[in-house]
There are 2 protein chains.
Amino acid sequence: MRDTVMVMTPAPAGRRRGPSKGDLREKAILDTARELLARKPLAEITIDELAAGAEISRSTFYFYFDSKLAVVVALLHGLADELGRDAGPWLDGTGPDAPALRRSLSALAAIWRDQGRLIAGALAAAPGCPPIARWRAGLREAHVDRLAARIARDRAAGLAPDGPAPRVLAELIDDLRTAAFAAATDPEALVDDLVTVELRMLYADFPETALGRMIGQAP
Amino acid sequence: MRDTVMVMTPAPAGRRRGPSKGDLREKAILDTARELLARKPLAEITIDELAAGAEISRSTFYFYFDSKLAVVVALLHGLADELGRDAGPWLDGTGPDAPALRRSLSALAAIWRDQGRLIAGALAAAPGCPPIARWRAGLREAHVDRLAARIARDRAAGLAPDGPAPRVLAELIDDLRTAAFAAATDPEALVDDLVTVELRMLYADFPETALGRMIGQAP
DNA sequence: GCGCATAGTCGACACACTGTCGAGTTTCTC
DNA sequence: GAGAAACTCGACAGTGTGTCGACTATGCGC
């Protein structure tokens, strides 16, 4: 695969050199992939199509990328930042701050709306494609870490009730988001309900005693 | 594909006829599939292996099944009943009946423990394989329908607070279960936490007023 | 201008897996 | 034991993948 790392071009002092023919081709492949992903799932996209879209032969495709999944990985790289953005205020905050959570989820929903196929395709390919699995794991861990820390903080401050270990609860919330957005036709329509549900999961005041009494009952 | 429907054999009055050679072969293929799925994901299993496991040639495989996915569908059929079993008392019950919910989730977790690869493979193949998609949709809908009805019932009886539309909430819970079990290494270790979380999602006593006050605050 | 390295391009090939066909063999049934 | 149905297989065609070696284009030092 062609080096994706942008090697510092010698920069001949004077004129700025435009992108090389190869850079253009690479971009064309990426654009084609994005465009195709908007229309059909990753599994149905073939290297032939990618090559055709970039107006090169199939074998030339391999000059730029190792495989179809390598293209996905490249596409994914640009997405990692986006996915984390706007989550800061919520994750670094304290207590049931619904507006912050809502903003965080809205941003996430917008990304799912625009790039759902890409993400879904990536998730489906993850088992069996280590780079994608790593990408997913890294993203998930980053979110879970911060959310778990937030939960621990809230509990220590008496703002949130006890319950599942912070990490486990954070994982459940992360899973819920992914599954819900992946299944939704209109991710953005889900935001408000997701806010409610996540707040319940985190802050539900479900008295131990009452719960204990209820558990005692037979159905 | 060989007729899977058990045609009533003419039953020659006298002796009971044992399974035909073909029945045995079919079972051998199914068994091989189950066995391979315990070791690696569906995508890595090839028809050659399935055929070899059943000690037939690859082309003979096609006498029994249309494709690898057809085998999965057959395997899935046996699973549908299991997946619904033990959920009755919870789904038909009323109020935060934790023990019933726990039993329902325990049974589900056991299935995921034993057949996780099969289910995960099926879910991954669902987009792009209508029969599997239908299977999944049917199962999901059955669960969502009953759970949504339960939610509506509880709300009408004043046992559960308002919140997302019953159907949406039910979908979120279904999504959460699937995602959580799919991601877990040990599904059964998750049961207790899932009970807590689902009860919170359904019955969280998160006072409107208190929530309202909190929403008012800036982070 | 020439020579040469590097970038870019492609057709042809080898391979893996899928699914079909027709011809063969076995097994039931009358 | 004849004929139908069940079963089996090798050979083939199709599709998608990835590699190779030869060929052309481009930039650069001289």
Side-chain angles (χ1 to χ4, degrees), chain A residues 1-30 33 36 40-73 121 125 128-129, chain B residues 1-29 33 36 40-73 121 125 128-129 131:
Chain A
M1 173 174 149
R2 193 158 167 280
D3 257 347
T4 0
V5 188
M6 284 296 153
V7 185
M8 286 297 146
T9 38
R15 219 143 133 31
R16 183 80 67 79
R17 200 167 296 333
S20 75
K21 192 162 136 206
D23 293 337
L24 259 15
R25 288 272 191 249
E26 189 172 323
K27 188 173 173 308
I29 294 174
L30 257 10
L36 288 174
K40 54 179 169 180
L42 177 62
E44 283 173 30
I45 296 175
T46 159
I47 292 184
D48 264 310
E49 295 176 275
L50 255 16
E55 297 181 304
I56 54 178
S57 76
R58 204 175 55 80
S59 31
T60 298
F61 167 91
Y62 288 100
F63 181 75
Y64 294 99
F65 294 97
D66 268 347
S67 68
K68 188 170 68 177
L69 288 181
V71 176
V72 171
V73 171
C129 179
Chain B
M1 170 174 149
R2 192 159 168 280
D3 255 348
T4 0
V5 189
M6 284 296 153
V7 186
M8 286 297 144
T9 39
R15 215 141 136 31
R16 184 80 68 77
R17 204 169 290 337
S20 75
K21 193 162 137 206
D23 292 337
L24 259 15
R25 289 272 192 250
E26 189 171 322
K27 187 173 173 308
I29 294 174
L36 288 174
K40 54 179 169 181
L42 177 62
E44 284 173 29
I45 295 175
T46 156
I47 292 184
D48 263 310
E49 295 176 276
L50 256 16
E55 297 182 305
I56 53 178
S57 76
R58 204 174 56 78
S59 31
T60 298
F61 168 91
Y62 287 100
F63 179 76
Y64 293 98
F65 295 96
D66 270 346
S67 68
K68 186 170 69 177
L69 255 22
V71 176
V72 171
V73 171
C129 178

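By convention in this document, chain letters (A, B, ...) are assigned in the order of the sequence lines, proteins followed by strands, and residues within each chain are numbered from 1. Since we're looking at a predicted model, the values are computed, not measured.
Atom P of nucleotide C:dC17 and atom NZ of B:Lys68 are separated by 10 Å, given to the nearest angstrom. Following rounding to the nearest Å, A:Glu26 (CD) and C:dT9 (C1') show an atom-to-atom distance of 16 Å. Computed from coordinates, the A:Tyr64 OH to C:dC10 C1' distance equals 12 Å when rounded to whole Å. Computed from coordinates, the B:Asp23 CG to C:dC28 C1' distance equals 14 Å when rounded to whole Å. As a whole-Å value, the separation of A:Phe63 CZ from C:dG8 C1' is 5 Å. Spacing between atom CZ of B:Phe65 and atom C1' of D:dC7 amounts to 15 Å, rounded to whole angstrom units. Rounding to whole angstrom units, CZ of residue B:Phe61 and P of C:dG19 are separated by 8 Å. One can place OH of A:Tyr62 at 13 Å from C1' of C:dA14, the figure rounded to the nearest angstrom.
For B:Ala51, the side-chain contact (heavy atoms from CB on, under 4.5 Å) partners two or more places apart in sequence, or in a different chain, are B:Ile56, B:Phe61. In terms of the side chain to side chain donor-acceptor pair (under 3.5 Å) criterion, A:Ser67 has no residue partners (sequence neighbours excluded). For A:Ala125, the side-chain contact (heavy atoms from CB on, under 4.5 Å) test picks out A:Leu69, A:Ile132, with sequence neighbours left out.
Legend: side-chain hydrogen bond (donor to acceptor under 3.5 Å, both in side chains) pairs involving residues 43-55 of chain A, not counting sequence neighbours, sorted by first then second residue: A:Lys40-A:Glu49.
Note that CG of A:Leu30 is 12.5 Å distant from OH of A:Tyr64, once rounded to the nearest 0.5 Å.
Minimum interatomic distance between B:Val73 and B:Pro131 (heavy atoms only, all atoms of both residues): CG2-CB, 4.0 Å.
Taken residue by residue, residues 48-60 of chain A places heavy atoms nearer than 4.0 Å to DNA chain C at A:Ile56, A:Ser57, A:Ser59, A:Thr60.
One finds a side-chain N or O of B:Thr46 lying less than 4.0 angstrom from the OP1 or OP2 phosphate oxygen of C:dT18.
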